[in-house]
Q: 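I'd like to ask some things about the structure below.
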Protein chains: 2
Amino acid sequence: MIKGKQTKAAILEAATDIASKEGLGGLSIGTLAKKLGLSKSGLFAHFGSKDALLMAVTEAASQRFVAVVIRPAFQEPAGRPRLERLFENWLNWSESREFPGGCPIMAATLELDDRPGPLRDYLLSQQRKWLGTIGQAAEIAIDMGHLADSFDSEQFAFEFNAIGFGYHFSNRFLREPHARHQARTAFQSLLVKRSNAGKPQAPDQSNIPCEKETERDDHRNACGPAPQ
Amino acid sequence: MIKGKQTKAAILEAATDIASKEGLGGLSIGTLAKKLGLSKSGLFAHFGSKDALLMAVTEAASQRFVAVVIRPAFQEPAGRPRLERLFENWLNWSESREFPGGCPIMAATLELDDRPGPLRDYLLSQQRKWLGTIGQAAEIAIDMGHLADSFDSEQFAFEFNAIGFGYHFSNRFLREPHARHQARTAFQSLLVKRSNAGKPQAPDQSNIPCEKETERDDHRNACGPAPQ
DNA sequence: TTGAAAATAGCACGATCGTTCGTTAACTTA
DNA sequence: TAAGTTAACGAACGATCGTGCTATTTTCAA
């Protein structure tokens, strides 16, 4: 049972490629099989249903997201450096080579607005975790004095996320060359916003461990290690 | 030739409904015909091709956007009131009853990231105009002292737009009840950001006409009057 | 009211959709 | 190497896709 895993991985990779460009709706078993030089039925057997295939693609992307965007950021010193790394990782992810058509999670998210089902449920839980991760990193930064006390971490997560969407739109759709710069500018002013600029910063405690380890472990457990 | 226009309008309405929920990709002539009690071929004859139907749906939504979001905002006094109205109108549009699945333009935009063609071209031009409209309204506000001199109107448009996307995500996907409040908060802090808070405001010149009438007329000409 | 024009229906087409089935080829392991 | 397992294939299924035709009905103007 080695060959099986290999082709399954190959299928997922190709499927992610298509889903990135065409969206989950544009992913058909026929074209996917042709792309891989497989027969429809041979490919189909690996998943048992189209929905299962879509779910597998989404899960794979989601796991990869945790491994590539979230986990490395949490090795950064807590507070502002971690937030900045999180943001930069996200930008990189969004225009990563492995997603020729842009982040498939974001695409799926907008595709599944109004289509209830297990796939939407899964995506919803992942997105909630993602926002939770942002908010939690922000809260630490607030505690450390890197961000203004007055900051609501949920609001921060909302705006953080919004900038990411704006970037995706500006970069992928408008093909705006300054997209990244615009996103960075917006993010920097988000960090500064309502901040206690005059007040002296708290002493650097960047390396103290994050006290809310549970949530992070949740993430690890839920998503598992990166597939590659 | 009255009946023709009527059914065509009815088709467009039903098509918009579907496209809003399922996306342009999920809109098929068969299901659309069934929904309207028409035959496939009868419906088809009105447009001549699927692409033409999609284009018509997009154009209709776009015209409606101008009529419902942009035009009323430009009857508001120039400067900050106009910006605020523009934003509020956009939020209202995004959760309007006529789009049970959310703004079809936004959906199409994310669907057509990587699919070149006349439809993408059209959407691109419309989005450019939209951003231009925001930027232009912001520039006036800067001139009037309602916004900080240091503000780059393009950057403003980027962030304005980003908040809208964030709202759409938070409202439509997460079903977050506070979405609107989050969006408003983000927008207010965008208006205040880097502002010359200390400096006295310029005297109110809200009713002076906008000197860059051309762009607005472009909008009117390009999009025509509202279909209803 | 009649005749031209426009709107709609009916039917069929080739393609593709997701899926099932039985069979064969390839691999793993004992 | 033999046996047993798994992966892949090919053909076919009913359904639906977008798109042509040719009739037939409905609408509108004279």
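Chain identifiers are assigned alphabetically (A, B, ...) following the order of the sequence lines, protein sequences preceding nucleic acid strands; residue numbering begins at 1 within each chain.
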Q: Find out whether the Lys NZ or Arg CZ of A/Arg184 is both under 6.0 angstrom from the six-membered ring centre of A/Tyr167 and within 45° of the ring's axis.
A: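 Not satisfied by the 6.0 Å and 45° rule.
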Q: With a 4.0 Å cutoff (strictly under), does any side-chain N or O of A/Ser49 reach OP1 or OP2 of C/dT19?
A: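 No, no such contact exists.
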Q: Hey, what's the ring geometry for B/Phe187 with B/Phe87, parallel, tilted or perpendicular (30° and 60° as the breaks)?
A: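 B/Phe187 and B/Phe87: parallel rings.
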Q: Tell me: NZ of B/Lys34 to C1' of D/dC17, nearest whole Å?
A: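 That distance rounds to 12 Å.
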Q: Taking only nitrogen or oxygen atoms into account, show me every contact under 3.5 Å that the protein makes with nucleotides 11-15 of chain D, one pair per line with its distance.
A:
none

Q: Below 4.0 angstrom from OP1 or OP2 of C/dT16, is there any side-chain N or O of A/Ser28?
A: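 False: A/Ser28 side-chain N/O out of range (4.0 Å or more) of C/dT16 OP1/OP2.
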Q: Given that A/Leu27 and B/Gly42 both sit by DNA chain C, which one's nearest nucleotide is further toward the 5' end?
A: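 The 5'-side residue here is B/Gly42.
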Q: Within the 4.0 Å heavy-atom criterion, would you say A/Leu43 contacts the bases, only the backbone, or no part of the nucleic acid?
A: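 It contacts nothing in the nucleic acid.
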Q: Give A/Ala45 one of three labels, base, sugar-phosphate or nothing, depending on what nucleic acid heavy atoms sit under 4.0 Å from its own.
A: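 Nothing, no heavy atom under 4.0 Å.
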Q: Report the distance from atom CD of A/Glu22 to atom C1' of C/dC17, rounded to the nearest whole Å.
A: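 In whole Å, C/dC17 C1' lies 16 Å from A/Glu22 CD.
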Q: I need the NZ-C1' distance between A/Lys50 and C/dT20, as an integer number of Å.
A: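 Interatomic distance, NZ of A/Lys50 to C1' of C/dT20: 17 Å.
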Q: Where is the tightest heavy-atom contact between B/Leu24 and B/Glu111, given as atom of each residue plus distance?
A: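 Looking at all heavy atoms of both residues, the closest pair is N-OE1, 3.1 Å.
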Q: Atom NZ of A/Lys5 and atom C1' of C/dC27: how far apart are they, to the nearest Å?
A: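 Value for this atom pair: 15 Å.
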Q: How would you label the contact of B/Leu53 with the nucleic acid (heavy atoms, under 4.0 Å): base, sugar-phosphate, or nothing?
A: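 Counting heavy atoms under 4.0 Å across all strands, no contact is made by B/Leu53.
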Q: Considering just the side-chain nitrogens and oxygens of A/His46, establish if one lies under 4.0 Å of OP1 or OP2 belonging to D/dT6.
A: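 No, outside the criterion.
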